Amino acid sequence: MCFMVQAAEKGEIAPAVALPLLQDSGGPVLLAEYEGQIIYLDFWASWCPPCLVSMPIMNEIRNRLQDEGIAFEVLAVNVDSHPEDGIDFLLDSPVDFVVLSDPEGTSPAAYGVRGMPTSYLIDPEGKIVMVHEGFKRSDGEKIEQKILEMAGNSQ
Amino acid sequence: MKKSLALLPLIIPAGLVCSSCQPVQAWERGTLAKPEMAIDADPMETTLNTHIFFSKEASNGGHNAAGGGCGCN
């Protein structure tokens, strides 16, 4: 049987996410809890080098934008089949945002993730505004610009 | 028994087709991403080996080794 997953595209409502926290097994945390904020939903794994590049950059952007009073949050979903690999990375490079764990890969399957990392910029109404595949250092600036643009529009 | 044998020509190709339709998803590549899973785990060593091989064999071309057989390049 062939399984084709429909990818979540720009303009669509972001599929629901309800996952436990990676580091202290708390939760579940729901994407819906963050309605009203701009969300950067990021699927990452410890074995994916560009994912690891993105983490500290997105942490910086998140803290800077929040300091400016922008309702923005990063929600990272670790998809390591051994969550301890993701935890090890975060122990070395801690981040201030929420990191969820999905070793079964149900949420990337729901989003139809095609490459790692893939991130989704979701507007306060829960609609996907941007899908971003891969990550290089210069991408942080573009993403921050897009968030600022969205924040300007929603004011 | 005869019935199941008659179904074999249907079952075998169906099995082959189905098994080839299971791509490794992007988030499932953790094991494939390990260094030991690389086809060429040490590109530098491969480069040196091919250079020596083509020089010693007096052969020309192949990979990224310059040929000629003099062993000097």
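This structure is a prediction, so every number in the text was calculated from the model and none was measured. Each chain gets a letter, A, B and so on, in the order its sequence line appears, and its residues count up from 1.
Closest heavy-atom contact between Met116(A) and Ala26(B): CG-O, 3.4 Å.
In this structure, the portion of Ala33(B) lying under 4.5 Å from any heavy atom of chain A is its side chain and not its backbone.
Here the CG atom belonging to Asp102(A) is positioned 9.5 Å from the CH2 atom belonging to Trp27(B), to the nearest 0.5 angstrom.
Looking only at side-chain heavy atoms (C-beta outward), Lys34(B) and Trp47(A) stay at 4.5 Å or farther from each other.
Annotation: Glu141(A), atom CD; neighbour count of heavy atoms from other residues, nucleotides and ligands within 6.0 Å does not exceed 12. Other residues, nucleotides and ligands place no more than 12 heavy atoms under 6.0 Å from the CD atom of Gln145(A).
A continuous path of hydrophobic side-chain contacts links Val53(A) to Leu91(A) [ILVMFWY only; heavy atoms under 4.5 Å].
Take Phe97(A) and apply the ring pair (Phe, Tyr, Trp, His ring centres under 6.0 Å) test, not counting sequence neighbours, and it matches no residue.
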